[in-house]
Amino acid sequence: MRPRCALALVGLTLSACVHYQPRPIAPAETIASLDNRALDDPGLRTFVLQNHAREAAVWPPTTWDLRSLTWAAIYFQPDLDVGRAEWRVAKAGIMTAGARPNPSLDFLTQYNVDSKAFGGTSPWTVGPTLSIPIETAGKRDYRIEQARHLAQAAHFNLVDTAWRVRSRVRARLLGLYPIEPLLRLQQDNQMNTVRLLQRRLGLGAASQPEVTQAIIAQNQLTLKLAETRKQLAENRVLFAAALGVPVAALDGIKLSLTAFDQVPAPDSLPPREVQRRALLNRPDVLAQLADYEASQSALQLEVAKQYPDLNVGPGYVFDAGESKWSLGLSLVLPVRNRNQGPIAEAEARRRLAADQFVGLQARAISEVDQALAGYRAAFQQLADANAVVAAQENNERSAEVLFKAGESDRLTLLAAQAERIAAELGRLNTLIQAQQALGALQDAVHQSLGDEASREPAIDSNPRDQDPQP
């Protein structure tokens, strides 16, 4: 009966084991899955519906703005899949840290070949002996605390990855800002100037050098327009990569860049408040703090290892017809060392983590100060550019009045228009620079500022694993 119970116990233990399930990766299938991604994905609508129902009321949207494109990047971007996987690994470490050591079973079997000489005494000596390990000094609790802090750090790293995804979408969308229409307008104006000068040259009212200079300027504008179109095509590919979709997914998609038309005044971003946000809310700072707490728990664990664990060994032996019970106790004697080396290493790692945390805070302060200074300067440049545009618009209106009154010629009017278009181009470039400076400031804080601030989507689970809602 006893052997049957033992076999049943072994069978029950084996049946509770986790079985390996292979999950091979087929590169052709993953490539096809990436190539088939599109912004009208029903799963994307479900994801937006769960986080912001109002934005999913009309799907797909007629125009995609910065907010809706950010939702799409959070849904598709594979960098977040990697971050979630790293967080799952760290959370599994908590289970590993909390596992208690299993007891071991030794089974002794001996046969006495001389047993017949003692009048039929049983020749067998059999008996199981258990060895039950007992951890002391709270080692298990310290391991669990260390694993929890590491999992917390991994989650903050995931949040940091989500911010970097949003930041890339903003930066790449800004690279698609429509500068080409102004360049075409500038090119048309220069072509009209060249034609007018050529007619004057035929009438002897203009010189050949004037015409040649105008043609050179026209050719330069043509090359600039071609370079702008090339850069726009490259930026379009980079923007698709920031979303996590193929560039073909952008075909037929109407983009709205109105989020970049205005920039918040620097006075609405007090330096102390911005610094406080960065130092208290930046996920990379919080992750580094969690790493430091993990190093504290690691040091506590190494200090606790100075105290040896116990092994309790109850046993039973059937010895030559007699039943014998035993109870053993064993431990490692801390004679040759008291774990001084690992303790010293753990103390050094804690000091390293502390220095890294302080260094990261100092770097965050420097980044915020630098970004604030750059943004203030860019905002002032934008104000100056607006003033220049206003002045050139007034100059153009005056030139048009004089031309209609017959007090000036068309060439003077074209020159005034060219100056106004150049001023608008300068303002547009300054606006882009100001938006880039605002993006750098947001990267320093790891938060959206001004009108761009919006509700944060859920990122802990992969939204593509959920069934799309009808």
Side-chain angles (χ1 to χ4, degrees), residues 17-53 55-56 58-96 151 154-173 175-176 232-255 456-470:
C17 293
V18 177
H19 299 283
Y20 168 73
Q21 295 181 351
R23 290 188 177 180
I25 294 179
E29 294 180 3
T30 57
I31 291 175
S33 175
L34 294 173
D35 287 341
N36 292 331
R37 288 183 174 182
L39 294 180
D40 59 355
D41 190 321
L44 176 57
R45 177 183 179 275
T46 299
F47 174 60
V48 177
L49 186 65
Q50 293 173 346
N51 288 274
H52 205 292
E55 291 193 11
V58 178
W59 197 264
T62 54
T63 59
W64 290 79
D65 58 7
L66 177 58
R67 180 175 297 182
S68 56
L69 290 167
T70 300
W71 290 106
I74 296 297
Y75 180 80
F76 285 115
Q77 186 53 245
D79 288 352
L80 285 170
D81 298 340
V82 176
R84 279 186 285 262
E86 292 175 344
W87 181 40
R88 286 195 298 268
V89 171
K91 287 196 298 182
I94 301 176
M95 184 185 303
T96 302
H155 186 264
F156 283 128
N157 288 332
L158 172 61
V159 176
D160 187 60
T161 299
W163 168 255
R164 285 187 276 110
V165 167
R166 290 192 288 269
S167 178
R168 281 201 303 269
V169 170
R170 184 188 187 278
R172 299 309 184 189
L173 181 60
L176 300 180
L232 180 63
E234 294 175 351
N235 290 347
R236 187 178 174 86
V237 175
L238 293 175
F239 175 63
L243 295 179
V245 299
V247 68
L250 301 179
D251 294 341
I253 298 298
K254 184 178 180 181
L255 300 178
E456 299 293 332
I459 60 173
D460 289 355
S461 59
N462 191 333
R464 298 192 305 280
D465 291 341
Q466 303 178 11
D467 295 330
Q469 297 181 9

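Keep in mind that what you see is a predicted model, and the values were worked out from it rather than measured.
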**OP:** Return the minimal non-hydrogen interatomic distance between G244 and P78, and the atom names on each side.
**Re:** CA-CD, 4.4 Å

**OP:** Kindly compute the distance separating CZ (R170) from OG1 (T70), expressed to the nearest 0.5 Å.
**Re:** 10.0 Å

Original post:
How many angstroms lie between atom CZ of R45 and atom CD of Q50, to the nearest 0.5 angstrom?
Top reply: 11.0 Å

Original post:
Passes side chain to side chain contact (heavy atoms under 4.5 Å, CB included), L44 versus F76? Steps please.
Top reply: CA-CA 8 Å; L44 176 57; F76 285 115; 4.1 Å; yes

Original post:
What distance do R84 atom CZ and H155 atom NE2 have between them, rounded to the nearest 0.5 Å?
Top reply: 10.0 Å

**OP:** Output the distance between atom OG1 (T30) and atom CG (D35), rounded to the nearest 0.5 Å.
**Re:** 9.5 Å

Original post:
Does A241 offer a backbone N or O that forms a donor-acceptor pair with the side chain of Q77 under 3.5 Å?
Top reply: yes

**OP:** Mind checking the CH2-CG spacing from W64 to L173? Nearest 0.5 Å is all I need.
**Re:** 12.5 Å

Subject >> Pairing residues for R172 by the side chain to side chain donor-acceptor pair (under 3.5 Å) criterion, not counting sequence neighbours >> reply: none

**OP:** Decide yes or no for K254 and T62: does some side-chain heavy atom of the first lie under 4.5 Å from some side-chain heavy atom of the second?
**Re:** no

Original post:
In chain order, what residues pass the side chain to side chain donor-acceptor pair (under 3.5 Å) check against N36, with sequence neighbours excluded?
Top reply: none

Subject >> Side-chain heavy atoms of L158 within contact of D460, under 4.5 Å >> reply: yes

Original post:
Should the ring pair W71 and F47 be called parallel, tilted or perpendicular, given that the plane angle runs from 0 to 90° and is split at 30 and 60?
Top reply: perpendicular

**OP:** Could you tell me which non-hydrogen atom of A73 sits nearest to which non-hydrogen atom of V165, and how far apart they are?
**Re:** CB-CG1, 3.7 Å

Subject >> Atom pair CD1/CG of I459 and L80 - distance to nearest 0.5 Å >> reply: 6.5 Å

Original post:
Looking only at heavy atoms, what is the nearest atom pair of I94 and A151, with distance?
Top reply: CD1-CB, 3.9 Å

Original post:
Under 3.5 Å, is there a donor-acceptor pair between the R164 and T161 side chains?
Top reply: yes

